[in-house]
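Reading through the structure tokens given below for one structure.
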Amino acid sequence: MALMLYDTLRRQEVAFVPAEPGRVGMYVCGPTVQGDAHVGHGRAAVVFDVLRRHLAASGLAVRFVQNVTDIDDKIILRARREGVDHAVISTRYARAFERTMELLGVLPPDVRPLATGHLLEMQALITTLIAADKAYAVEGDVFFRVRAFPTYGALSNRRIDELVEGADVVDRDRKEDPLDFALWKSAKPDEPSWPSPWGPGRPGWHIECSAMAATHLGAGFDIHGGGLDLVFPHHENEIAQHEAAHGTTFARHWVHNGMVQMGDAKMSKSVGNVVGLAEAVEAVGRGPLRLWYLSAHHRSPLTFDDERLDDARAVFGRFVTFVRAARRAAAGAARDGVAGATHRDAFTAAMDDDLNAPVAVSVLHQLITDADGPLKAAAKGDQAAQGAVAELADTLVTLGDDVLGLGIAEVLDRASALEQRIAPLVDGELELRAQARAAKDFAAADAIRDRLAAAGVVVEDTAAGAVWYAAEALRPAT
RNA sequence: GGCGGGGUGGCCAAGUGGUAAGGCAGGGGACUGCAAAUCCCCGAUCACGGGUUCGAUUCCCGUCCCCGCCUCCA
């Protein structure tokens, strides 16, 4: 493969070469489970899911790790408000997250580590940092000494001295330098806490990713992903923590996805303009929603609005319609093994070009256009054409489902199950309609068609007679 | 203020130093009893002003506008 990937740290596209041939280790920052995921979270999920699928389709064995941050200020606040244990909150939303990811067609990670399950690893890292004089403990808190890490700011392209003004003012009186950030936070009264060499407390946010990524993938793993809004300070701190402690490279490629916009502002909980991800999947459907996510380059901003979602619905509909028609025309013929090759190559080339999904999707459109001739011939019984059509349809499903995760086959299967149940009924109606048409009684024929349409059955007349499908099963409630 | 990313046909969106993929919407046509589906045809000179060049949408400078990060955040 010849994947070129934009690397945030180097600020350019670079050839992606795994540290170990044939294998890829990937870490993507997961949710802080303090509430329901929104459409913005879905973008990161889909972008990295597609990257992962493309790597796998390229023949690489991918190990995908995504953490769950199950302890933080907001979780504690929510638990307090509801009068329950923090684990009630984190478990509730972690489960909801998993369910929603499944609905979105996002493959589950190979490892989904919990922050609270890696406290010893974090403490070991902190201990190392203190021993190296890169961190210091103050009354139960531990802070990272930012100025002791000379390359701090490399990822986000910032100079330390320019950061001072906006530095976090929390705990300013206890820090040596306002830039320093917490590795371990001492417990305040009534807060959940865990024992540590520095007293009871809980980990800072950034330390978990440094510890868990290294634990589950090893230092110097291939790809670290996350939203562009995590570049500073989260990812910057992850690098600092690991590299200051071990002196080795933490992650080899940094990939970041752009933000989802609502109107002219970023979709964000703090802005208060979020749309729930679960609701969006239900309303739009997995395939259309993913096509919308993939309608722009992964680093560009992407606007959530009805018009663009309608576009995505239309595209998904076109894909499904084509596959359905192709499967019928192919009549079970074996795929010929050649017809889709150029499209497959073009698709792969697009994905290899920094995950150029808009172009990859355009290849799928081209495939459908190119399939028109064979499709018409196949419908007339041309066997060679049937083999080509079978090949093209399977190619579209493979690329669209295996790599982009659209779920085309799934939608057709669901429709098919319904169609089989109602077939005797519909076929009877269509028999009557055929008789009416033969007798030129079009009013009667159209009445039957309208009746079926009202029941969610769409009838189309072709050279080979009427065909039909259950439109209801195609609706978004995936 | 600092850093970064953008302004391409009605909408979305690729892309390239040699006159701009694809999709959606719209119009016309083929097909159809009518539809549906599908196919074919039709539309942009790339924010603005300079510059470099034989030639720039693509490179450089400037201007205007938009967005993100700089605090929790996918």
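Order of the sequence lines sets the chain letters (A, B, ...), proteins ahead of strands, with each chain counted from 1.
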Gap between atoms NE2 and P, on A/His234 and B/C70 respectively (whole Å):
13 Å

Centroid-centroid distance, A/His206 to A/His235, less than 6.0 Å:
no

Identify whether any heavy atom of A/Val260 sits under 4.0 Å from a base atom; if not, whether one sits that close to sugar-phosphate; answer base, sugar-phosphate or nothing.
base

What integer distance in Å separates A/Arg11:CZ from B/C69:P?
18 Å

Have a look at A/His38 and say if it touches a base, only the backbone sugar-phosphate, or nothing, with a 4.0 Å heavy-atom cut-off.
base

Remember a base hit wins even if backbone is also touched, and classify A/Gly258 as base, sugar-phosphate or nothing at under 4.0 Å, heavy atoms.
base

Would you indicate what A/Ser295 reaches in the nucleic acid, counting non-hydrogen atoms under 4.0 angstrom: base, sugar-phosphate, or nothing?
sugar-phosphate

Report the relative orientation of the aromatic rings in A/His224 and A/Trp254; use parallel for angles under 30°, tilted for 30 to 60°, perpendicular for over 60°.
parallel

Would you measure the distance from the C1' atom in B/G7 across to the matching atom in B/C46 and give it in whole Å?
10 Å

Hey, is the side chain of A/Asn157 poking within less than 4.0 Å of OP1 or OP2 on B/G4, counting only N and O atoms?
yes

Sticking with atom P, work out how far B/U19 lies from B/C39, rounded to a whole angstrom.
28 Å

Smallest separation among heavy atoms of A/Lys185 and A/Asp73, with atom names:
NZ-OD2, 4.0 Å

Can you tell which of B/C24, B/G2, B/A74 lies closest to the side chain of A/Arg158?
B/G2

Just name whichever nucleotide pairs with B/U19, Watson-Crick or G-U, keeping both distances under 3.5 Å, else none.
none

B/S/- along nucleotides 33-44 of chain B (protein heavy atoms under 4.0 Å) is BBBBSBSS----

Considering only residues two or more places apart or on different chains, which pairs with a residue in residues 359-381 of chain A satisfy ring-ring contact (aromatic ring centres under 6.0 Å, His included)?
A/Phe319-A/His365

Does A/Ala265 reach a base, just sugar-phosphate, or nothing at all? Heavy atoms under 4.0 Å.
sugar-phosphate

With P as the reference atom in both, quote the distance from B/A25 to B/U32 in angstrom, rounded to an integer.
24 Å

Can you measure A/His256 atom NE2 to B/C69 atom P for me and round it to whole angstrom units?
13 Å

Ignoring hydrogens and angles, state whether a donor on the side chain of A/His242 or A/Glu238 is under 3.5 Å from an acceptor on the partner side chain.
no

With a 4.0 Å limit, can you tell me whether A/Arg308 has a side-chain N or O closer than that to the phosphate oxygens OP1/OP2 of B/C12?
yes

B/A14 and B/A20: how far apart are their C1' atoms, nearest whole angstrom?
10 Å

Distance below 4.0 Å between A/Asn356 side-chain N/O and B/G15 OP1 or OP2:
yes

Nearest-Å distance for atom pair CD/P, residues A/Gln366 and B/A13:
21 Å

On RNA chain B, does the nearest nucleotide to A/Arg299 precede the nearest nucleotide to A/Phe232 from the 5' side, or the other way round? Give the residue.
A/Arg299

How many Å lie between CG on A/Asp306 and P on B/C24, as a whole number?
18 Å

Any N or O donor-acceptor pair linking the side chain of A/Lys266 to the base of B/C67 at under 3.5 Å?
no

Is there a donor on the side chain of A/Asp229 or the base of B/G68 sitting less than 3.5 Å from an acceptor on the other?
no

Out of B/A14, B/C72, B/A74, minimum distance to the side chain of A/Cys29 belongs to B/A74

By the 4.0 Å heavy-atom rule, please label A/Leu230 as base, sugar-phosphate, or nothing.
sugar-phosphate

Pairing nucleotide - B/G62, Watson-Crick or G-U, each distance under 3.5 Å
B/C48

Whole-Å gap separating P (B/U71) and CD (A/Glu162)
13 Å

Considering every strand and a 4.0 Å limit on heavy-atom distances, what is the contact class for A/Val231: base, sugar-phosphate, or nothing?
nothing

In whole angstrom, give the distance that lies between atom CD of A/Glu307 and atom P of B/G23.
17 Å

Using a 6.0 Å distance limit plus a 45 degree cone around the ring axis, check whether A/Arg437 lies over the aromatic ring of A/Phe442.
no

Applying a 4.0 Å non-hydrogen cut-off, can you work out what A/Gly226 is touching in the nucleic acid: base, sugar-phosphate, or nothing?
sugar-phosphate

Is a donor from one side chain sitting under 3.5 angstrom from an acceptor on the other, for A/Ser156 and A/Glu236?
yes

Cation-aromatic face contact A/Arg252/A/Phe221, 6.0 Å, 45 degrees
no

Under a plain distance cut-off of 3.5 Å, with no hydrogens placed, do A/Gln366 and A/Asp370 share a side-chain donor-acceptor pair?
yes

Provide the distance between the two C1' atoms, one in B/U52 and one in B/C12, to the nearest whole Å.
34 Å

For nucleotides B/U57 and B/G15, find the distance between their C1' atoms and express it as a whole number of Å.
10 Å

Return the pairing partner of B/G1 with a 3.5 Å limit on both distances, Watson-Crick or G-U wobble; otherwise return none.
B/C70

Ring centroid separation A/Trp184 to A/Phe143 under 6.0 Å
no

